[in-house]
Amino acid sequence: MESINIIISAAKSRLRVKCKQSCTSSFRISYFEGRKHMSMLSAIILAILLLASCSKNASESSFHDAREALDAQKEFLSRMKSDKDLSMEHLANKISKWRTLEDSVSVCLMRDTIKKAHSFPMEEFSNVHDSIRDEFMRIATAKRRTFKDVLLLKMNASPYKSKKETDSLSLVASKFFESMDTIPLYKGDKTRNLTTYHFFLEKVKKEGIANQSQFLAFLKTEDRLFRTFLSHLYEMSDVSVSHITSGTEDVCKMIAQSSRKGNLPARDAVAYMAVRTNRRIIANAQTCVANIKSGKVTSAEQRTAYFWMILQPFLSIDDFGMAMLSENQRKDLVQLSIDALGTIACLSRSLQMDKNMTDGLPDMFIKLYISSL
């Protein structure tokens, strides 16, 4: 029991660090609101996944005490200092190995601190941690990076990558959403679509989501409505979607509350909502690229909004979201990274943005990610 409590404490400690870190952008996509209501529930599930990971790492590590664990951490730092030019995929794999190492070190330090009074190894651990992160930053910023590099980093550095638990959750949730690709869009113009969308959300709020069947039914209809909404995206610049935003927020809050009460399996709620968010972010960016290529984006206001929406896949999908991507979504994101390069450059010129700033966006995103480690 003591070892389990130690592992839980280490996992919670790492989660607290993550929860304090955040980044912002100049534009927020209103209809992606609602994710914040799942944050506490997500933290619980991620703690479970980290617990499984830490348990495995703890059993595999051969650290007998804090000194040995810290020496292993310092040895990793020493090797990093000798690295000069790494591909982004190689660097991401190094970060992934480092995270695994630090999980084991954290567990050992927590155990050793409990056994030895007046022992404070966490300060040394934190200092070495910061130095290793600085080395990652040095290598990552040694040359100009691309949007594809951003994806390679975030996909391969995720601590949930290739975890049995995560892969299983992703497979089931991804199959559910992919089964809806053949469902046709709703007919009608943008006004009719928004009215239908609004009435649907109000109906769900009134009836509630008290079980998994209602939860999946909501996701199925909402997905169809959202895809229909995207088919009219280029027409929405003069239309308020605040009623859709607030309605979606309320329903997401209901889902989180239902999970906390035990009406929905917590793992399922987090997994399906993560895949839902990925699906929406990717589809939104794909629609933006297609609309721009077809000449449907004409005003400066539209171009500014589209500029930021195209960037969302590289900025907004977190570690857990990256691990929950299906193989098809990974391919879609790689294609988006190729399309974004030219599309962002085109929008930047038309909006008279600073070229150096826009060309450096991938570098900025990579710096943000490494800074959060």
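These numbers come from the heavy atoms of this one structure, side chains and all, not from hydrogens, waters or symmetry mates.
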Assess whether atom CD of Glu301 is packed by more than 12 heavy atoms of other residues, nucleotides or ligands within 6.0 Å. no

Would you please test Glu89 and Asn93 for side-chain hydrogen bond (donor to acceptor under 3.5 Å, both in side chains) and show each step? CA-CA 6 Å; Glu89 190 168 8; Asn93 288 331; 5.0 Å; no

Cluster question for you: counting only ILVMFWY and a side-chain heavy-atom cut-off of under 4.5 Å, with indirect links fine, are Phe200 and Phe229 together? yes

So, for Ala266 and Ser259, which heavy atoms are closest and what is the spacing to 0.1 Å? CA-OG, 4.3 Å

Do Asp268 and Gln212 have side-chain atoms, one donor and one acceptor, less than 3.5 Å apart? yes

Does Arg280 make a cation-pi contact with Phe226, if we ask for NZ or CZ under 6.0 Å from the ring centre and within 45° of the axis? yes

Can you tell whether the side chains of Glu222 and Arg276 come within less than 4.0 Å, N to carboxylate O? yes

Check Arg144 against Gly360 and note the closest heavy-atom contact, atom names and distance. NH2-CA, 3.8 Å

Using 4.0 Å as the upper bound for N to carboxylate O, is an ion pair formed by Glu124 and Arg67? yes

Same cluster or not: are Phe136 and Leu86 linked, directly or through other Ile, Leu, Val, Met, Phe, Trp or Tyr residues, by side-chain heavy atoms under 4.5 angstrom apart? yes

How far apart are the C-alpha atoms of Lys205 and Asp250, what are their side-chain angles, what is the distance that settles it, and do they pass the salt bridge (Lys or Arg N to Asp or Glu O under 4.0 Å) test? CA-CA 7 Å; Lys205 286 163 58 178; Asp250 291 340; 3.1 Å; yes

In sequence, state the C-alpha distance, the side-chain angles, and the governing distance for Glu102 and Trp98, and then conclude on side-chain hydrogen bond (donor to acceptor under 3.5 Å, both in side chains). CA-CA 6 Å; Glu102 288 214 334; Trp98 170 62; 2.9 Å; yes

Evaluate side-chain hydrogen bond (donor to acceptor under 3.5 Å, both in side chains) for Ser174 paired with Glu178, printing each intermediate quantity in order. CA-CA 6 Å; Ser174 294; Glu178 287 174 0; 5.2 Å; no

Looking at Glu207 and Lys203, is there a salt bridge between them, counting it only when a charged N and a carboxylate O are closer than 4.0 Å? yes

With distance as the sole criterion, is a donor-acceptor pair present between the side chains of Thr358 and Ser348 under 3.5 Å? yes

Check: Asn211 and Asn263 side chains under 4.5 Å, non-hydrogen atoms: no

Minimum heavy-atom separation for Leu185 to Ser231, with atom names? CD1-CB, 3.9 Å

Find out whether Asp181 and Arg279 are in side-chain contact, i.e. whether some heavy atom of one side chain is under 4.5 Å from a heavy atom of the other. yes

Using ring centroids (six-membered ring only for Trp), state whether Phe365 and Phe314 fall under 6.0 Å. no

Heavy-atom pair of closest approach, residues Asp65 and Glu68: OD1-N, 2.9 Å

Is it true that Arg133 and Asp130 make a salt bridge, defined as a side-chain N closer than 4.0 Å to a carboxylate O? yes

Drop me the distance from Phe76's CZ to Glu135's CD, to the nearest 0.5 angstrom. 10.5 Å

Measure the spacing between CG of Leu225 and CG of Leu230 and express it to the nearest 0.5 Å. 11.0 Å

Say you draw a straight line from CG of Asp134 to OG of Ser371; how long is it, rounded to the nearest 0.5 Å? 9.0 Å

Non-hydrogen side-chain atoms of Phe218 and Leu201 separated by less than 4.5 Å: yes

Taking the six-membered ring of Tyr186, is the NZ or CZ of Arg224 close enough (under 6.0 Å from the centre) and on axis enough (within 45°)? yes

OG on Ser242 to NE2 on His198, rounded to 0.5 Å: 9.5 Å

Are the side chains of Leu368 and Leu315 in contact, using a 4.5 Å heavy-atom criterion? yes

Reported CD-to-CG distance for the pair Gln302 and Asn291, which is rounded to 0.5 angstrom: 8.5 Å

Working to the nearest 0.5 Å, report the span between CG of Asp359 and CZ of Arg145. 15.5 Å

Considering only heavy atoms from C-beta outward, does the side chain of Leu333 approach that of Arg330 to under 4.5 Å? no

Taking every non-hydrogen atom, the tightest pair across Met88 and Ile366: CE-CD1, 3.7 Å

Just checking Lys190: does its NZ atom have more than 12 heavy atoms from other residues, nucleotides or ligands closer to it than 6.0 angstrom? yes

Counting only heavy atoms not in Lys367, do more than 12 fall under 6.0 Å of its NZ? no

Would a 4.5 Å heavy-atom cut-off, applied to side chains only, mark Asn156 and Met322 as touching? no

Is there a continuous path of hydrophobic side-chain contacts, each under 4.5 Å between heavy atoms, that joins Val172 to Leu219? yes

Would you check if Glu249 and Lys253 make a side-chain contact, meaning some heavy-atom pair closer than 4.5 Å? no

Path from Ile281 to Val334 over hydrophobic side-chain contacts below 4.5 Å: no

A quick test of your reading: do over 12 heavy atoms of other residues, nucleotides or ligands sit less than 6.0 Å from CZ of Arg138? yes

Heavy-atom distance under 4.5 Å between the side chains of Lys293 and Asp339, does that happen here? yes

Tell me whether the count of non-hydrogen atoms from other residues, nucleotides or ligands lying under 6.0 Å of NZ in Lys148 goes above 12. no

So that I can tick it off, tell me whether Lys143 and Asp85 are bridged by a salt bridge, with the cut-off set at under 4.0 angstrom between side-chain N and carboxylate O. yes

Between Asn127 and Glu123, is there a side-chain donor-acceptor contact under 3.5 Å, judged purely by atom types and distance? no

Check Arg79 with Glu75, please: is the shortest side-chain N to carboxylate O separation under 4.0 Å? yes

Which heavy-atom pair separates Gly321 from Asn278 by the least distance, and what is that distance? O-ND2, 2.8 Å

Test: Arg99 and Asp319 ion pair at under 4.0 Å: yes

